[in-house]
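What follows is a set of notes on a single structure, which appears directly below.
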Protein chains: 2
Amino acid sequence: MSIRSLENLASRLNRLPGIGVKTAERLAYHILTLKDEDVEGLASALTEAKRSIHPCPVCGSYTEAELCSICADRKRDGSVICVVKDARDVSYMERMREYRGLYHVLGGTLSPMDGIGPDDIRIAELIDRVKKGAVSEVILATNPDVEGEATASYIMRLLKPLGVRVTRIAHGIPIGGNLEYVDEITLFKAIENRREM
Amino acid sequence: MSIRSLENLASRLNRLPGIGVKTAERLAYHILTLKDEDVEGLASALTEAKRSIHPCPVCGSYTEAELCSICADRKRDGSVICVVKDARDVSYMERMREYRGLYHVLGGTLSPMDGIGPDDIRIAELIDRVKKGAVSEVILATNPDVEGEATASYIMRLLKPLGVRVTRIAHGIPIGGNLEYVDEITLFKAIENRREM
């Protein structure tokens, strides 16, 4: 039993991250059971999001407007820039509701193995923003993995000569975490970064 | 940071089965990184599948043609009908490549709790097919759960007076399975349905 348009739908769903062959097939069959307007709605949500969203020319995160809502917000603290790997990280940070500075989205991390060098991510744009002068602190919030650490070190070496304060987000045991289930490297970081009480 | 079209996309993805809030968000961000033609391709695959696929008027499984490829295949054995819950089950059965009869898709199983009675699934259509005369055996292949068993019993009682042979697919230990990991009910069925060697 081969139904061309069903197989095409399943194969396109299967290309999405985390959607295996079985899940794609299950989703495709489910979509056939939806109302016409719900399928149209999903299809137009796809093209509409892709059409109307573009990177903010300042920070590189996503926006439908000229500037993103954070860069456009005059109540945010323009003297602090938090550097993150990608646009999703901005939404994670914003959920915290505590950070009031701006962001800089790199659009990736340095990864010589994958052929991603300094010119492939938005490092030059970050340096330009800092050189323009109003920035007093850059918080490096790339992930605590090999690429994230290497990227943070690389950017730190470029920023230091500019006289700006460069900080790195803390690594340690998550709140609510348990020593038993924390990996050795996190535990080592937690000891290394211990603070006076 | 609220981006309307991104949130709309994530919320529509989130309505799909097995796609949680986090996965929907991750997929939505991923879709923004795809090429325009890939997003258009996925969107049109959705509407195209929904537009061109309809239930086969004979067996109730999905088809783009007038009859499904199985009902239209004159080499299939029209004297045997395998009754399944939904159209996906047909594709599972077809993977086996051994069954040469036809199918009947119920489009659900009896479930008084959910208000699904005999008139809500394609039971009358099955009786009609059997009454037309050329059918010698009906294999009940609904799932071995409460609703599937109840549906099989219900259909069996309606078919018996018509003089057709009614069989139920076997339940037991899966091939490659292990007694240690098989649940008690399956094990009970495996003993109950034991065969002479």
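Note that these values count all heavy atoms, side chains included, but never hydrogens, waters or copies made by symmetry. None of the values given here were measured: they were computed from a predicted structure. A note on names: the letters A, B, ... follow the listed sequences, proteins ahead of strands, and every chain is numbered from 1.
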Rounded distance [0.5 Å steps], [atom1] in [X] versus [atom2] in [Y]:
X       : Y       : atom1 : atom2 : value
B/Ser52 : A/Ile3  : OG    : CD1   : 9.0 Å
B/Thr33 : A/Tyr62 : OG1   : OH    : 6.0 Å
B/Leu6  : A/Arg88 : CG    : CZ    : 10.0 Å
A/Ser91 : B/Glu7  : OG    : CD    : 9.5 Å
B/Ile53 : A/Arg4  : CD1   : CZ    : 8.5 Å

Under 4.5 Å heavy-atom distance to chain A, tell me which part of [X] shows up: side chain, backbone, both or neither.
X       : answer
B/Thr47 : both
B/Asp38 : both
B/Arg51 : neither
B/Asp36 : both

**Report entry** Side-chain donor-acceptor pair present, B/Ser5, A/Glu64, cut-off under 3.5 Å
**Finding:**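 A donor-acceptor contact under 3.5 Å links the two side chains.
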Which one of [options] has the most heavy-atom pairs closer than 4.5 Å to chain A?
options                            : result
B/Ala65, B/Ala43, B/Ala28          : B/Ala43
B/His54, B/His30, B/Glu48          : B/His30
B/Ala10, B/Gly41, B/Gly18, B/Ser11 : B/Gly41

Query raised in the report: Should we say atom CZ of A/Arg165 is surrounded by more than 12 heavy atoms from elsewhere, each under 6.0 Å from it?
Result: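 Open.
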Query raised in the report: When only pairs under 4.5 Å are counted, which of A/Arg15, A/Glu40, A/Arg26 shares the most heavy-atom pairs with chain B?
Result: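 Result: the option with the highest number of such pairs is A/Arg26.
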Query raised in the report: Linking Ile, Leu, Val, Met, Phe, Trp and Tyr through side-chain heavy atoms less than 4.5 Å apart, which residues share a cluster with A/Ile19?
Result: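 A/Leu9, A/Leu13, A/Leu16, A/Leu27, A/Ile31, A/Leu34, A/Val39, A/Leu42, A/Leu46, B/Leu9, B/Leu13, B/Leu16, B/Ile19, B/Leu27, B/Ile31, B/Leu34, B/Val39, B/Leu42, B/Leu46, listed by chain and number.
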Query raised in the report: Other than B/Leu159, which residues form its hydrophobic cluster under the rule that side-chain heavy atoms must be closer than 4.5 Å?
Result: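 ILVMFWY cluster around B/Leu159 also holds B/Ile81, B/Val83, B/Leu106, B/Leu110, B/Ile116, B/Ile121, B/Ile123, B/Leu126, B/Ile127, B/Val130, B/Val135, B/Val138, B/Leu140, B/Tyr154, B/Ile155, B/Met156, B/Leu158, B/Leu162, B/Val164, B/Val166.
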Query - Basic-acidic side-chain contact under 4.0 Å: B/Arg95, A/Glu25 - result: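 Answer for the salt bridge query: yes.
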Query raised in the report: With a 4.5 angstrom heavy-atom cut-off, which part of A/Tyr103 approaches chain B: side chain, backbone, both or neither?
Result: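 When you check distances to chain B, no heavy atom of A/Tyr103 falls under 4.5 Å.
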Query raised in the report: Can you check whether A/Leu32's main-chain N or O pairs, donor with acceptor, with B/Lys50's side chain at less than 3.5 Å?
Result: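 It does hold such a pair.
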Query - Connected via hydrophobic side-chain network under 4.5 Å: A/Val58 and A/Val84 - result: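 No: no chain of side-chain contacts under 4.5 Å links A/Val58 to A/Val84.
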